[in-house]
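To find a chain, count down the sequence lines: A is the first, B the second, and so on, and within it residues start at 1.
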Amino acid sequence: MDKLLNDMQQVAVRHTEGPLLILAGAGSGKTRVLTYRVAYLIKEKNIEPYNIMAITFTNKAADEMRNRVDSLVGHGADQVWVSTFHSACVRILRRYSDRIGYANDFAIYDTDDQKKIMKKVIKHLNLNPKIFKEKGMIAKVSDFKNKLMTVSDVRDMASTDFKMKDIARVYEEYQETLMRNNAMDFDDLIMNTVKLFKNNEDVLANYQNRLQYIHVDEYQDTNAAQFEFVRLLAEKHKNICVVGDDDQSIYKFRGADIQNILQFEKYFPGAKVVKLEQNYRSTKKILEAANSVIHNNVGRKDKTLWSDNADGAKIDLYQAEDGYAEAQMVADTIQEEVDFGRASYEDFAILYRTNAQSRALEEKLLMKNIPYKIIGGTNFYQRREIKDVLAYLRLLINPSDDLAVERIINVPRRGIGNTTVENAVNYARVRGMNLYDALLEADQINELKPAAVKKIKGFTEMIERLKNDMKIMSLEDLYKQVLDETGYIADLEAEETDEAEGRIENVDELLSKLVEYEGEAEDPTLGEFLEDVALIADIDNLEEDNDYVVLMTVHSAKGLEFPRVFLCGMEDGLFPGYMSIMSDDKEELEEERRLAYVAITRAQNELTISYAKRRMLRGETQYNIVSRFVEEIPPSIVNSKNVTDTVAAGYKRNIVRDTFAKAHAKMEKKPAVVKPKKDIAFGKEFTITKADIDYKVGDRVEHIKFGEGTVKAIEDGTKDYQVTVDFDEVGQKMMMASFAKLKKL
DNA sequence: TGGTAAGTAACCAAG
DNA sequence: TTACTTACCA
């Protein structure tokens, strides 16, 4: 194995005892090091595979690592516990959840379920939904859990802050509701496991004794709860090896604490630190671009990636008129390269900052018949019909799952309306029972009319029948039986719309996934299937051996590599996002820059960066300038194609950029938005005659929306003038002359 | 009670 | 743009 590893990699592999921090730059072969290290422990150090653990963030990464260890070690490798944080915790909790007051068949609630619960909580507590928005509250609660803060911690912290006190009430009620439903959300999985460990020495000791060598991948993205989970497990043997790159920390918004990696040596005294700085992935030019961007960040461990790879081509920079033209360019380029035999579809990845950008790209790829796959966005498992069917299955194994009951009690329509359900919910609540049990004794509920009771009986009897079926049937048959008994498919078929047809296809697709699971699993159970489904990540659906272009957000692309990468929408306001530009917290912009770094370092051979002058967002046209991150790349390694703004002339844009940003900030909390004028909205090309403007710097002008102001600057673009005006009312703004329709006074 | 029309908030990223 | 909520009618 020695020849396959460089010196530093070997050091990392061979340092098996005690804490080890591997600072692994992008493309420096960290997965290789991790897998070789596990193999080394087994083969050279004679450690039982059973005593080794490796934790990743996604199932995909876990599978990959498992396969690679398998091929290195062969026998016994399947005994290594390779898993994601979430599945590891679920596995532990399934065994011991009774110790923290949960039944072992607890459900796992996703974002959608969380929303529903939160909505009820806010309503039930009579809080003003204008102030206590469910999304915001979910984020808060998630934040608390990631920091391992309990309800009483939050309450203590609130002291006299009455809003925080209300938030504590929300948190409390939310938790109680989950508990009543015998359900946990994603964050609970980690927090509850930590809680379990802390309150049950025997349980912790059990795992500590077993897991003598622990590895954590993507360590820079761990949050406080995950840190504590790992720390507890490693406390006894202290053989903890973490791999991460502070420059690739991009999940602060979901609680990742970069200090976990920056302070590793403090938390684990005597830790050995190994830096992997040789990049095996990208060309020198791509690496130089990445390095020159990330060097603008202040809070980072200093390191510089280098490479022995070829110089490679310059980075292409392309300016498009709008998002569609950008997508067209991408599609054309891909098709051309494939037609010329210079690449195949699978070589390409199209990356973007936000999922919304995928639509235009998808449209153009579709038009050219280019095979593609979009990762993320609306996930298969979030589709209504899938959630409906899953809710039936969930109810069969967990009668406490009120949310599931409410979801499907009237789907398909059984004439059980809101009022009926509400009466039953109240009945259940008063008696402290779950909704399904209340339905079972519907005839006891005084508020219900006999007709309603009868309909409910029909529903519960059906569920009971299905429960019996569950005992005797295979999963496949049970699934079919559910569709049949409930009339779910029949109902969709009756619709006779394309949409309904699509839904039926999806339901069938879920069936084939179930069949696949049943065929593969050792001891298939409905519960385990539901669990797998709940913990699936978008990226897990990416299959490497298919010839298609992949589209995904930069976040999803972390950890992946592609021969050729398109990085789209590199515009200020989009990437970096508007919020991070306006934020007082400099760290936010640094996180965006790390994200840009991640994006650039995904590319192996060729990188094309593109941006658009205007972009449709929420039905409005927005005007942006090229991303500041693009300007951080040395012009000498950039090949500007079709670039008409000043960026082409060596990036002298920073002053304007500042004016631009400040003008927006003053104006409103939104970027400059110009409603498309009717006469130009349809035409793809509208040439702007430059002679149109009759004002000059210093003149007083009037704008239809912003009122009167003084012209501060006029910048000459190829197709249009960019005019900066200091308006009396709203401050300085920069705009395209043709759209501004400024009138000289 | 359920369906449709009008109205409105949202997109920043994910397990 | 779209998904989702509220209002209103059959």
Side-chain angles (χ1 to χ4, degrees), chain A residues 56-62 83-90 108-116 119 129-130 133-136 138-139 142 145-146 184-190 218 221-223 225-226 249-256 323 351-360 363 375-379 381-382 384 410 412-422 449 451-452 455 531 533-540 552-558 569 573-583 588 591-592 594-596 598-599 615-622 670-671 676:
Chain A
T56 62
F57 272 83
T58 65
N59 296 306
K60 186 175 183 292
S83 117
T84 65
F85 273 104
H86 289 96
S87 14
C89 288
V90 171
I108 299 167
Y109 277 6
D110 67 9
T111 321
D112 214 53
D113 303 320
Q114 286 182 291
K115 255 193 206 156
K116 289 190 172 145
K119 205 176 159 192
K130 285 269 184 295
K133 300 218 168 87
E134 57 199 62
K135 258 191 112 173
I138 289 171
S142 170
K145 292 182 183 175
N146 288 334
M184 298 189 200
D185 63 23
F186 289 125
D187 303 312
D188 281 331
L189 297 177
I190 316 283
E218 305 283 9
D221 286 327
T222 51
N223 59 38
Q226 288 159 336
S249 159
I250 55 173
Y251 282 108
K252 192 176 170 226
F253 72 93
R254 68 174 197 209
L351 308 183
Y352 37 77
R353 177 71 236 269
T354 68
N355 281 120
Q357 289 165 254
S358 67
R359 190 176 308 146
E363 195 177 292
I375 308 290
T378 354
N379 182 309
Y381 293 98
Q382 288 167 257
R384 196 210 308 169
N410 200 31
R413 300 252 135 78
R414 301 186 174 89
I416 305 177
N418 285 338
T419 356
T420 308
V421 175
E422 238 165 73
K449 293 190 188 116
K455 285 174 189 158
E531 183 179 304
V533 161
L535 295 178
I536 249 164
D538 293 325
I539 200 70
D540 299 336
M552 67 184 103
T553 64
V554 180
H555 279 91
S556 304
K558 196 185 60 161
L574 189 61
F575 194 178
Y578 176 73
M579 299 297 253
S580 64
I581 295 176
M582 285 312 150
S583 170
E588 287 203 29
E591 173 133 333
E592 292 281 311
R594 289 194 291 270
L595 195 56
V598 168
R615 189 175 289 280
M616 278 283 258
L617 208 66
R618 281 176 255 144
E620 288 176 315
T621 306
Q622 198 177 294
K670 272 171 95 179

Nearest-nucleotide pick for A/T553, side chain only, options being B/dC11, B/dG2, B/dA14: B/dA14
A/F85-B/dG15 aromatic stacking (under 5.5 Å, under 30°): no
Parallel, tilted or perpendicular: ring planes of A/H555 versus A/F253, cut at 30 and 60 degrees: perpendicular
Nucleotide nearest A/K119 (side chain, heavy atoms from C-beta), chosen from B/dC11, B/dC12, C/dT5: C/dT5
Side chain of A/R359 - closest among C/dT5, B/dG15, C/dT1: C/dT1
Distance in angstrom units between A/N410 CG and B/dG3 C1', rounded: 13 Å
Whole-Å P distance, C/dC4 and B/dA13: 15 Å
hbond_proxy A/D110 side chain to B/dG15 base (donor-acceptor, 3.5 Å cutoff): no
For B/dC12, the Watson-Crick or wobble partner whose two distances fall under 3.5 Å: none
Residue mapping more 5' on DNA chain B - nearest nucleotide basis, A/Y251 or A/K133: A/K133
Among B/dA14, B/dA10, B/dG2, the nucleotide that comes nearest once only the side chain of A/S556 is considered: B/dA14
Nearest-angstrom distance from the residue atom OH of A/Y352 to C1' of B/dA14: 14 Å
Rounded distance (Å) that lies between atom P of C/dT2 and atom CE of A/M616: 10 Å
Touch class at under 4.0 angstrom, heavy-atom based, for A/I416 against every strand present: sugar-phosphate
Distance, rounded to the nearest Å, where A/D112 contributes CG and C/dC4 contributes C1': 12 Å
Atom pair distance, as rounded to whole Å: CE in A/M579 and P in B/dA10: 11 Å
Donor/acceptor link under 3.5 angstrom from A/R353 side chain onto base of B/dA13: yes
Whole-Å gap separating P (B/dC12) and CD1 (A/I250): 17 Å
Distance (rounded to the nearest 0.5 Å) between A/L351 CG and A/Q357 CD: 10.5 Å
